[in-house]
J.: 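The following block contains the structure, expressed as structure tokens.
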Amino acid sequence: MKNTIKTIGVLTSGGDAPGMNAAIRAVVRCAKFYQLNVFGIYEGYQGLIEDSIKPLDARSVKNILSRGGTVLKSSRSEGFKTKAGREKAYNNLKKYGIDALVIIGGNGTFTGGMYFSEEFDLPVMGLPGTIDNDLHGTDFTIGFDSASNVVVDAVDKIRDTAESHNRLFFVEVMGRDSGFIALHTGLASGALDVVLPEESQPMEDLLFELQKGEDNQKTNKLIIVSEGNKLGSTMEIAEAVRQKFPHLESKVTILGHLQRGGAPTCSDRILASHLGVAAVESLRQGRTKEMVGMINGKITFTPFQEAIAQQSRIDEELIRISKILST
Ligand code: F6P
């Protein structure tokens, strides 16, 4: 079933990520290059259910390459989790003659896309758009580099004030189930320790690293805490540390949604452009139910089921290097 696709729909779903706009632009412009019709579906799967669908052309996506967020808007749709919601969505697609979809998002987006594609025999390809970097089948997801740079910039600033007051700082970063942002930014910003969701690290390990910092006369101490860690909330962790090191003045900074905003980095724009073109071309080649990713600079295709498999991809070597360098 090659080259039978005439009309593509594109949507962004789940948490927005810098670079999603670059991906939308790539999908739209590539589809136009092949003289396909393109429709933008607004507010993710919810917009598909509610018929929030508009035609797009090459000019509709001008000046969005450098913008954060998603011009198509996003949502986490409860309705799409139901068969009735998906039926409504499919009827809307039919109304516009949309015969294939490009979905940009993370785990939840691909889970929805997988069911939808199977139920209605609709070609669907996915682009990894999430700051969490928690998808199999790509070295990096669109948005991860941008979010990491935001975090590193923030932590560098926190270090200035931490050093001035000889303080200990706990900086909470995003990553519900994945410690990529914490580990990468911890290494890049010289953190004393990182607390990751993938590790069953006892509190004693953290206290040990802090004691080492004390023994080595570190004047500022930065701990990066991933929000999904197993030790507890960042406030609770900070409190437990205060009990053991009452003489250390400690502060907590929660970076929150700041991490999802701002212009995408050059790397994210290039990744999104590359993957967006590959998504359209792969649909034309008859591919479906796969995530387009990039591994070692090469385009790869991973079935949705495998892309969302919840296994840790954390690089143990990075943890080892962080420990060596934080002394
Ligand atoms: O999945 C991306 C992400 O930013 C997670 O890191 C975070 O836990 C979650 O989204 C926050 O979601 P929301 O914006 O819906 O609160």
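Counting starts at 1 for both ligands and their atoms, following the listed order.
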J.: Checking side-chain polar atoms at under 3.5 Å, does Glu281 have a donor or acceptor matched by the opposite partner on Gln285?
T.: no

J.: Is the side chain of Tyr90 donor-acceptor paired with the backbone N or O of Phe116 at a distance under 3.5 Å, no angle test?
T.: no

J.: Using a 4.0 angstrom limit on heavy atoms, which residues are close to ligand 1?
T.: Arg76, Ile131, Asp132, Met174, Gly175, Arg176, Glu227, His257, Arg260

J.: May I ask you to decide if Thr70's main-chain N or O and Thr12's side chain share a donor-acceptor pair within less than 3.5 Å?
T.: no

J.: Whether Lys54 engages the ring of Tyr42 as a cation-pi pair (distance to the six-membered ring centre under 6.0 angstrom, angle to the ring normal within 45°) should be assessed.
T.: yes

J.: When you measure from the centre of the six-membered ring of Tyr34, is the NZ or CZ of Arg284 closer than 6.0 Å and no more than 45° off the axis?
T.: yes

J.: Rounded to the nearest 0.5 Å, how far does OG of Ser200 lie from CG of Asp205?
T.: 10.5 Å

